Amino acid sequence: MILHDRMGLIYLAELMFRRGIRNLVVSPGSRNAPIIEAFCKSNKFLCQTIVDERSAAFFALGIAQQIKQPVALVCTSGTAPLNFAPAIAEAYYQRIPLLVLTADRPVEYIDQGDGQTIRQQNLYSNYIKQSFQFPQSIKSPDDLWYANRLASEALNACMYPVAGPVHINLPFAEPLYGVSMPEVPKLRDFNILPAEAALTPEAVAQLVNDWSLSDKKMIIVGQLHPDAELDQIMHEFSGNPSVVILTEATSNLHSQGIISWIDRCLASMPEDDVFYQPDLLITLGGGIISRRLKVWLKKLEIKSHWHIDKSELSMDPYQHLTRSIPMDPLQFFRQLREHLKPGSGNYASAWNLLSINARQKHIQFIQNCPFSDLKIFHQIIECLPSGYDIQLANSTPVRYAQLFDYKNTHRFFSNRGVSGIDGCLSTASGAAFASQKPTLCITGDLAFFYDSNALWNKHFP
């Protein structure tokens, strides 16, 4: 058996290829030359070069956002990996799969005054799904087995049980260039087979009981990727007169019967009118943009609150949580709807009337609105052709987007995992590169200039 110190890197490249991972975004350097050689000198991978590491990381995030598969992100050692941090945090909270490959100095040179050398192990420990340090040298069959196992574990962690960023730190000793790469050795891959969770009969009985005891049910949907089947199921639930469904543009649900203008409605709601408050609150998806909704819900007395999230996080932003349900929302509603009886009442109709009144006030306000950023936003939306994806920068654009009606159906995306202004334009460019769809990025002046290096990019479609 031929042993080679870069065998772990070869294992990783081969396993990525076998799993269908093709995209790498590379920021140039010297210490990462072995990674570039392993991936970019073959025709197996699509390697995009972007100099600015922060912009490169958000560009990779935009690609992964669209293809829903891991995208590898490569940089040299030192401060370069630190510049990946904002996008990695966004990917973690937005559940976007990034495979972060950071080249490193040999471990014996850490804290010894060597150039471009910092402590890179567990660098992103507070906002990464998992971190791995690959072996610096391969001296035995056990080292080979260990490198093989780490590669499989890292790729599994990137997608299961929910997607997210994974960090692999790769220490390399010199020489960095001119080293003949070994042939791919015999390797073993172990996959995690996805399994769908299901409610037990006992759990179904408890949920049906909660449902039947509630005359007013509210479903709030946060940020989601477009999902036609979930959209259809939400349309079915919106036909229940005891159910109101509140969404935002970034929820990507467009069926009739769904109310997508939360702030408009709440601004038109009579003060201290308890009729609109729900008995049962059901939440799913990522974060909600509307601050007004959060403030309103916290003040209410709500009997039951279910949060549906397959990651098992007990998120309780409204401070009423009674049941945390670790399931994919689509699987949950598929199973639950079979056990529910048709509802009655006028809860949904009251909310729909509130929405109609709010829309009329909104139209009147916009017609009389002086020339301003709000007026410009309205004009952009009025002129927007069909078929466009919309990328919304933080903070004003993504909030304005919740106020308007759209003539056509669009897919909305935004960096609402952490909601920073950094990287919005880079994310949009990566998304457009991956989707090849007409893409409109609406951004503000601060977010634009903060990410102006997004334009220092030859990969714009």
Side-chain angles (χ1 to χ4, degrees), residues 210-211 214-227 230-270 273-309 315-321 325 329-330 332-333 336-337 343 345-359 361-362 392 398-406 409 412 414 416:
D210 282 0
W211 183 276
S214 304
D215 296 325
K216 297 181 290 184
K217 309 165 188 75
M218 176 178 288
I219 300 175
I220 297 177
V221 186
Q223 184 176 21
L224 284 177
H225 282 276
D227 187 321
L230 183 61
D231 200 358
Q232 177 59 35
I233 289 179
M234 289 294 100
H235 175 65
E236 294 174 16
F237 273 82
S238 70
N240 187 319
S242 67
V243 175
V244 61
I245 301 177
L246 303 183
T247 69
E248 296 183 320
T250 49
S251 306
N252 284 300
L253 299 176
H254 307 288
S255 294
Q256 290 185 348
I258 291 174
I259 295 176
S260 297
W261 312 277
I262 296 172
D263 281 350
R264 274 180 12 186
C265 289
L266 292 179
S268 299
M269 183 184 294
D273 193 328
V274 297
F275 178 80
Y276 295 97
Q277 77 175 43
D279 303 321
L280 170 62
L281 176 65
I282 304 173
T283 54
L284 60 141
I288 282 287
I289 298 163
S290 173
R291 292 174 183 159
R292 189 188 290 263
L293 179 67
K294 296 171 188 176
V295 171
W296 179 66
L297 287 173
K298 284 179 182 179
K299 295 189 299 184
L300 303 181
E301 294 293 332
I302 297 176
K303 299 174 184 176
S304 299
H305 173 198
W306 308 344
H307 183 65
I308 308 157
D309 189 331
M315 294 178 63
D316 187 20
Y318 311 118
Q319 302 176 357
H320 299 293
L321 188 65
I325 303 169
L330 179 59
F332 171 80
F333 285 107
L336 185 66
R337 66 179 173 180
N346 59 348
Y347 188 55
S349 61
W351 270 94
N352 288 329
L353 182 59
L354 183 68
S355 178
I356 292 170
N357 292 335
R359 183 174 186 273
K361 293 178 181 178
H362 171 83
L392 297 164
V398 75
R399 297 186 185 282
Y400 278 176
Q402 315 310 321
L403 300 176
F404 291 90
D405 300 89
Y406 297 85
T409 298
F412 291 87
S414 183
R416 293 301 297 181

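The model shown is predicted, which means the values in this text are computed figures rather than measured ones.
- Across Val398 and Arg416, no two heavy atoms sit closer than the pair CG1-NH1, 3.7 Å.
- Across all non-hydrogen atoms, the minimal contact from Lys217 to Ser214 is NZ-O, 2.6 Å.
- In this structure, Leu392 and Phe412 have side chains that are in contact, with non-hydrogen atoms separated by less than 4.5 Å.
- Take Ser290 and apply the side-chain contact (heavy atoms from CB on, under 4.5 Å) test, not counting sequence neighbours, and it matches Glu248, Ile262, Asp263, Ile288, Arg292, Leu293.
- Shortest non-hydrogen contact noted between Arg399 and Ile289 is NH1-O, 3.0 Å.
- Going from atom CD of Gln256 over to atom CG of Asn352 covers 11.0 Å, rounded to the nearest 0.5 Å.
- The side chain to side chain contact (heavy atoms under 4.5 Å, CB included) test with Ile219 is passed by exactly one of Val244, Leu284, Leu280: Leu284.
- The minimum heavy-atom distance between Pro329 and Ile308, with the atom names listed, is CA-CG2, 3.8 Å.
- The backbone N or O of Ser255 sits less than 3.5 Å from a side-chain atom of Asp231, completing a donor-acceptor pair.
- The CD1 atom of Ile258 sits 5.0 Å away from atom CD1 of Ile245, with the distance rounded to the nearest 0.5 Å.
- Here the side chain of Asn252 pairs no donor or acceptor atom with the backbone of His225 at under 3.5 angstrom.
- When atom types are taken as modelled, the side chain of Ser251 and the backbone of Gln223 share no donor-acceptor pair closer than 3.5 angstrom.
- Expressed to the nearest 0.5 Å, how far CZ of Arg264 lies from CG of Leu354 amounts to 10.5 Å.
- Across all non-hydrogen atoms, the minimal contact from Ser242 to Gly343 is OG-CA, 4.1 Å.
- With rounding to the nearest 0.5 angstrom, the OH atom of Tyr406 is 10.5 Å from the NE2 atom of His254.
- Taking the six-membered ring where the residue is Trp, His362 and Phe404 present perpendicular rings, their angle passing 60° and hence far from 30°.
- For Trp211, there are no side-chain hydrogen bond (donor to acceptor under 3.5 Å, both in side chains) partners two or more places apart in sequence or in a different chain.
- Applying the side-chain hydrogen bond (donor to acceptor under 3.5 Å, both in side chains) criterion to Ser260, with sequence neighbours excluded, gives Thr247.
- Other residues, nucleotides and ligands contribute only 12 or fewer heavy atoms inside 6.0 Å of the NZ atom of Lys303.
- Looking only at side-chain heavy atoms (C-beta outward), Pro278 and Leu300 come within less than 4.5 Å of each other.
- The distance from atom CG of Leu246 to atom CE of Met218, rounded to the nearest 0.5 Å, is 4.5 Å.
- No side-chain donor-acceptor contact under 3.5 Å links Gln277 to the backbone of Ile302.
- Listed by chain and residue number, Phe275, Tyr276 satisfy the side-chain contact (heavy atoms from CB on, under 4.5 Å) test with Ala350 (two or more places apart in sequence, or in another chain).
- Every residue two or more places apart in sequence or in another chain was checked for a side-chain hydrogen bond (donor to acceptor under 3.5 Å, both in side chains) with Trp261, and none qualifies.
- The shortest side-chain heavy-atom distance between Phe333 and Ile282 falls under the 4.5 Å cut-off.
- Minimum heavy-atom separation, Asp227 to Leu330: OD2-CD2, 4.0 Å.
- Partners of Thr283 under the side-chain hydrogen bond (donor to acceptor under 3.5 Å, both in side chains) rule, at least two apart in sequence or in another chain, are His305, His307.
- Annotation: the span from His320 atom NE2 to Leu281 atom CG amounts to 7.5 Å, rounded to 0.5 Å.
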